[in-house]
Amino acid sequence: MFRFPQQGATPLAMAHLKALIFDVDGTLADTERDGHRIAFNKAFAAAGLDWEWDIPLYGQLLAVAGGKERIRYYLECFRPDWPRPQNLDALIADLHKAKTRYYTELLAAGAIPLRPGVKRLLTEAREAGLRLAIATTTTPANVTALLENALAPDGVSWFEIIAAGDVVPAKKPAPDIYFYTLEKMRLSPQECLAFEDSANGIQAATASHLATIITITDYTKDHDFRDAALVLDCLGEPDYPFQVLRGEVGWTTYVDVPLLRSLHQQWTSTLSQG
Ligand code: XBP
Ligand code: MG
């Protein structure tokens, strides 16, 4: 029978876990409400548009991943009567460039911290020789700004690959960004664990055959996470226990490398049993 290790102890049998793949928005940091949303609104105001994305509306707009795609979705579903200019694509691209500038300025000002347990787990994973990667729909400059300002000045170098934005044609929930990441790392999904926060994220990871750990946010707490290996409120810290919303963790109170190895071993043995 599978047994979870005591916190901090070496698991009884080591599974062959090689890499951790992280989503960014909502997972590494709670960026949407007080980061991306604010930056979108600043870009709209600077362009003289009367568009204002309040907190509940932004929750609805998060159904679509990717900033340019989200603006288009807003126009289609919430502003059908707004007179389209001939060069709508160019307008959206310009708005999105401005939004990225405002967003990276917010991060440079230290507006968005990492979520609890993220820096500790990344540090422990590196020390344990696990390979790290990022698979996100957000713009590469946003990832760099978050890692340099909230993780460490050399935070980008902690990750072997940062797969982001338009590097693949279809954004989450399509699995493309995970396939791209796995191919670049020359790993099979069975050698990795994914970390996500949203329905779009888990759909992308699951379609890539990755086992996924979810840390919910206010925006995603009611999403469908039935395919997750584990659903938590956050990764937790030794002095800040996580809440388990779905899954089994034994006596552990925060996500560490032994817990990840145990979850992964359980996952792969379930797979091998068919
Ligand atoms: C994140 C997103 C992103 C950001 C905006 O989704 O949806 O689109 O909100 O980023 P996930 P850009 O966490 O599932 O990757 O404006 O740079 O596109
Ligand atoms: Mg996310």
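Start at 1 and go down the list; that is how both ligands and their atoms are numbered. All values reported here derive from a predicted model rather than from experimental measurement.
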Could you tell me whether Asn200 and ligand 1 have an N or O pair separated by under 3.5 Å? no
Do any nitrogen or oxygen atoms of Gly66 come within less than 3.5 Å of a nitrogen or oxygen of ligand 1? yes
Ignoring hydrogens and angles, tell me if any N or O in the side chain of Arg131 forms a donor-acceptor pair with the backbone of Met185 under 3.5 Å. yes
Quick test: of every protein heavy atom, which one is nearest to atom 12 (P) of ligand 1, and how far off is it to 0.1 Å? His96 NE2, 3.3 Å
Are the side chains of Asp197 and Tyr219 in contact, using a 4.5 Å heavy-atom criterion? no
Could you tell me whether Phe242 and Tyr254 have their ring centroids closer than 6.0 angstrom? no
Residue part near ligand 1, for Lys171, under 4.0 Å between non-hydrogen atoms: neither
Examine Gly67 against ligand 1 and note whether any of their N/O atoms are separated by less than 3.5 Å. yes
Side chain Asp233, main chain Gln243, donor-acceptor under 3.5 Å: yes
Among all protein heavy atoms, pick out the one at the shortest distance from atom 9 (O) of ligand 1; state its residue, atom name and that distance to 0.1 Å. Arg70 NH1, 2.6 Å
Any residue meeting salt bridge (Lys or Arg N to Asp or Glu O under 4.0 Å) with Asp50, in chain and number order, not counting sequence neighbours: Arg79
Just wondering, do Thr215 and Phe195 contact through their side chains at under 4.5 Å, heavy atoms? no
Under 3.5 Å, side chain of Asn87 to main-chain N/O of Ala90, donor-acceptor pair present? no
Sub-4.0 Å atoms of ligand 1 with respect to non-hydrogen atoms of Asp23: 11 (P), 13 (O), 14 (O), 15 (O)
For atom 14 (O) of ligand 1, what is the nearest protein heavy atom, given as residue, atom name and distance? Lys172 CD, 3.5 Å
Residue and atom, protein N/O/S, under 2.8 Å of the Mg ion (ligand 2): Asp23 OD2, Asp25 O, Asp197 OD1
Where does Tyr58 meet ligand 1, judged by heavy-atom distances below 4.0 Å: at the side chain, the backbone, both, or neither? side chain
Can you list the atoms of ligand 1 that are under 4.0 Å from a heavy atom of Lys99? 5 (C), 10 (O), 12 (P), 16 (O), 17 (O)
Report the part of Lys68 in contact with ligand 1, treating N, CA, C, O as backbone and CB onward as side chain, heavy atoms under 4.0 Å; options are side chain, backbone, both, neither. neither
For the 3.5 Å polar cut-off, considering only N or O atoms, please tell me whether Asp25 and ligand 1 meet it. yes
Enumerate the atoms of ligand 1 whose separation from the nearest heavy atom of Thr136 is less than 4.0 angstrom. 15 (O)
Is the backbone N or O of Ala141 less than 3.5 Å from a side-chain atom of Thr139, with the two atoms forming a donor-acceptor pair by type? no
Is it the case that the ring center of Trp53 lies less than 6.0 angstrom away from the ring center of Phe44? yes
Backbone N or O of Gln265 within a donor-acceptor pair of the Ser269 side chain at under 3.5 Å? yes
I'd like to check which ligand 1 atoms, numbered from 1 as shown, lie under 4.0 Å from a non-hydrogen atom of Asn142. 17 (O)
Keeping the roles fixed (side chain from Arg101, backbone from Ala39), state whether a donor-acceptor pair exists under 3.5 Å. no
Taking only non-hydrogen atoms of Glu69, do any sit less than 4.0 angstrom from ligand 1? no
Give me the ring orientation class for Tyr74 and Phe78: parallel if the planes are under 30° apart, tilted from 30 to 60°, perpendicular past 60°. parallel
Which protein heavy atom lies closest to atom 10 (O) of ligand 1, and at what distance to 0.1 Å? Thr138 OG1, 2.7 Å
Checking Lys99 against Tyr103: charged group under 6.0 Å from the ring centre and within 45 degrees of the axis? yes
Using distance alone, determine whether Thr137 and ligand 1 share an N or O pair under 3.5 Å. yes
Would Glu196 and Lys172 pass as an ion pair if we require N to O under 4.0 Å? yes
Polar side-chain atom of Lys119 near backbone of Leu151 as donor-acceptor pair, under 3.5 Å: yes
Output yes when the distance from some N or O of ligand 1 to some N or O of Glu196 is under 3.5 Å, and no in every other case. no
